[in-house]
Amino acid sequence: MPDQIQQSYEFRAEIQQLLHILVHSLYTDREIFLRELISNASDALSRVQFEMLTNQDVLDIDAELAVHIAFDPDAKTLTVSDSGIGMTQAEMIENLGTIAHSGAAAFLKQLTQEKRPLTEVIGRFGVGFYAAFMVADRIQVISRSYRPDAEAAQWSSTGDNQYTVGLAARRSRGTDVILHLKEDAVEFLTAWRLEQIIKKHSDFVAFPIYLQDKVANQRTPLWRRAPREVSAEEYDTFYQQLTLDFEKPLLHLHYVADAPVDIHAVLFVPRTREKGMLGLRKDFGLKLYSSHVLIQEYNKDLLPNHFRFVEGVLDSEDIPLNVSRETVQNNRLLAQIQKALTGRLVKELASLATEKPDDYRIFWQEFGGFIKEGVATDLVGKDSLLPLLRFHSTQAAAADAWVSLPAYVERMPSEQKEIYYILGEDLTSVQRSPHLDPLKQRNIEVLTLVETVDSFMMVALREFDGKPLKNVDSADLDLPPLPEKADEPAREPVADANFNRLVSRFVEILGDRVQEVRASKALSTSPCRLVSPEGAMNQEMQRVYKLLDQPFDAPKKVLELNRSHPLVQDLAFLAAADRQPDLVRLEIEQLYESALLQEGIHPNPAAMVAGIQELLARAAHATRRAETDAD
Ligand code: ADP
Ligand code: MG
């Protein structure tokens, strides 16, 4: 094409910056440019394949869907061609230059501020094409759109601030990307080197990749092969090529079924939740194929939402080929597939727990929150998730110690009828809660729940194995009787008259902040606690409201006092004799506020400091007086 009908354009500022980095730096992993070009070619092929299902009017309807890679050592060119969807001039400007690429800024940030290796992030932000400027000092793109009436177009740039776009002569559908390689990049002009790169990064691309007319990648998609014929390494490589994760997956699952629905699926659980940040995939969801054709890149209906950390591919002949992306959602078959797939996944996770407990621990630490979310939100699938749950407890308190519900039930004493749990802010403070007193005395295990999602989960999780789950803050725990303790005589409780006087003082001072003040039957080492009155909104719901920032009336609680606690005894003495009323008032306020704090419902904990300092001052002063008197 004559040069005069080529028109010049400026790259967007971020792209200019990006190109500057790519052109002027030396990267050891620059071979990944080929992965990016092949990935673009494969996307273009998937898109035209999909177009052919729904649209009769496609240029070259019979052309083979394939990638061709050719090189010319004399001309120092490397060409990646595809028979994909192609681009018009306008699309070239939009996709390779001025308009698109909002991801470039995010990409630059990862690269410069977070110091992530370029080759790890380049595929992630819609800028993979430009990776080719690491090895080429000029790139030409010649393309013809699949629309029969579109004209062929060309794009060209040397990687400075400009590019040109104009008409071209190309008769067939698809795109050639021609790289004029830099002097130091001639290594990419040999067949064995290119083949090595294709195997390493693009082996599982779903279309044939011809290298100088010889197919260089796997012909049968991995998920369509028999599971016993696929090696562990192949699964790992497939996963890494699918996600660009540098680590191997924690778990793979290859599921093949023909009834009631045809399913060929390969699913992976990554090793870390973080990987999503760096992976190639821009969204979550499974790749959905129907008879080898990619129907959807990120399908979210094949697994319940709480399994969104799972990566993989599903291919089914039963999904109609002419389905459009919108109607996939309403497909009844998908519901059936989802059910089968989820069942298998849950089973696989359960056997991971028994067969590889260390791996399961990693799984739980990374993804346990998703399982809890599933219990909270999936009314139908909830029960199957329960055995996957892991908890810290009063007997599994260390950060890496966990108990499952079946294991808890297994080691319950035979008189115990309920499963106990406590909600708190963190593992250390929850262990000190006064609610644990009666359970510690009876040596009963209590599950300790301290994550945000726990409150949501416990609203839905009311029973396991026929045993109710009970929050230990309830006043009506059905506890086994206490074993007699002969050695340690119980402390005398406060006499009725004094205790009643103290209760009146509490009521006077706390007013309608509490519903009732009464003696506790449960407490042993703590002076007091707040319990929910029977029938009130439970603590889980309160916490959920608090987390959602929803207004709710903090329900009034019952304050229980331990009649045998020295502090309560001394206060009762002072109250009965009506001595030191100011001190008694201050202590009652502080006791109430510390109980709120222990429940995790104190509206403003810092406000307690003034009262604490006042008490400290009084204690120091009284002690000093006593000391001087003694002298
Ligand atoms: P991404 O692939 O993440 O979108 P790239 O920088 O790799 O980002 O490519 C930018 C865009 O250029 C693609 O989204 C696509 O629209 C277009 N493109 C690149 N290569 C091809 C090709 N071989 N055929 C058709 N379009 C292409
Ligand atoms: Mg790309």
Side-chain angles (χ1 to χ4, degrees), residues 9 11-12 14-19 21-22 32-51 58-60 63 65-70 78-108 110-111 118-134 136 139-147 150 152-157 159 163 165 168 170 172-179 201-202 205 207 209-210 241-244 278-283 294 297-298:
Y9 296 86
F11 282 116
R12 243 174 91 136
E14 299 94 285
I15 303 286
Q16 291 184 14
Q17 236 179 311
L18 168 67
L19 284 172
I21 295 174
L22 289 171
I32 56 95
F33 81 90
L34 190 62
R35 174 191 76 195
E36 295 302 327
L37 296 183
I38 292 175
S39 143
N40 287 348
S42 162
D43 287 350
L45 289 163
S46 290
R47 286 171 61 200
V48 81
Q49 191 177 34
F50 190 82
E51 214 48 61
V58 171
L59 183 69
D60 296 342
L65 296 172
V67 185
H68 283 266
I69 296 174
L78 176 66
T79 304
V80 179
S81 310
D82 63 68
S83 48
I85 191 131
M87 281 179 278
T88 60
Q89 281 193 62
E91 284 163 341
M92 283 175 164
I93 295 170
E94 171 148 346
N95 299 330
L96 302 177
T98 18
I99 300 171
H101 303 311
S102 56
F107 168 77
L108 285 168
Q110 289 270 323
L111 196 67
L118 172 120
T119 46
E120 263 184 41
V121 289
I122 187 100
R124 158 91 180 140
F125 295 97
V127 291
F129 171 79
Y130 302 101
F133 280 108
M134 291 191 288
I139 300 179
Q140 266 176 296
V141 181
I142 299 173
S143 189
R144 176 147 187 171
S145 163
Y146 75 101
R147 293 186 197 87
Q154 76 164 309
W155 178 101
S156 166
S157 175
Y163 63 93
V165 170
R170 183 184 162 118
S172 56
R173 184 193 73 216
T175 304
D176 302 315
V177 178
I178 304 161
L179 310 185
H201 297 291
S202 312
V205 165
F207 301 95
I209 302 170
Y210 292 93
Q241 292 188 6
L242 178 75
T243 60
L244 285 203
L278 299 175
L280 171 70
R281 319 257 298 142
K282 295 168 189 144
D283 196 356
L294 182 64
E297 183 80 14
Y298 304 103

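Read the numbers this way: they start at 1 and go in the same order the structure lists the ligands and their atoms. In what follows, every heavy atom counts, from backbone to side chain, and hydrogens, waters and symmetry copies are set aside.
Inclusion of Phe129 in the set of residues having an N or O under 3.5 Å from an N or O of ligand 1 is warranted. At under 3.5 Å, not a single nitrogen or oxygen of Asp43, backbone or side chain, sits near a nitrogen or oxygen of ligand 1. Taking any N or O of Gly86, backbone or side chain, none lies under 3.5 Å from an N or O belonging to ligand 1.
Under 2.8 Å from the Mg ion (ligand 2) lies an N/O/S atom of Asn40, whether from backbone or side chain.
Scanning Asn40, Val48, Ile38 for the heavy atom closest to atom 7 (O) of ligand 1 points to Asn40.
Across Thr175 and Ser143, no two heavy atoms sit closer than the pair OG1-OG, 2.8 Å. Considering every non-hydrogen atom in both Tyr130 and Leu22, the closest pair reads O-CD1, 3.2 Å.
Under 4.0 Å from ligand 1, heavy atoms of Asn95 appear from its side chain as well as its backbone. Here Leu37 has no heavy atoms under 4.0 Å from ligand 1, in either its backbone or its side chain. Residue-level proximity to ligand 1 for Glu91 is absent, since no heavy atom of it falls below 4.0 angstrom.
Residues meeting the side chain to side chain contact (heavy atoms under 4.5 Å, CB included) test with Ala153, sequence neighbours left out: Gln89, Met92. By the side chain to side chain contact (heavy atoms under 4.5 Å, CB included) test, Arg144 pairs with Leu59, Ala152, Arg170, sequence neighbours left out.
Listed by number with element, the atoms of ligand 1 under 4.0 angstrom from any heavy atom of Leu96 are 12 (O).
Two rings, from Tyr9 and Trp155, have their centers 6.0 Å or more apart.
At a threshold of 4.5 Å between non-hydrogen side-chain atoms, the residues Ile38 and Ile69 count as touching.
Residue contacts with ligand 1 leave out Glu36, since none of its heavy atoms falls under 4.0 Å from the ligand.
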TODO: Kindly determine whether Arg147 and Glu91 satisfy salt bridge (charged side-chain N to carboxylate O under 4.0 Å, His left out), including the steps that lead there.
DONE: CA-CA 12 Å; Arg147 293 186 197 87; Glu91 284 163 341; 3.5 Å; yes

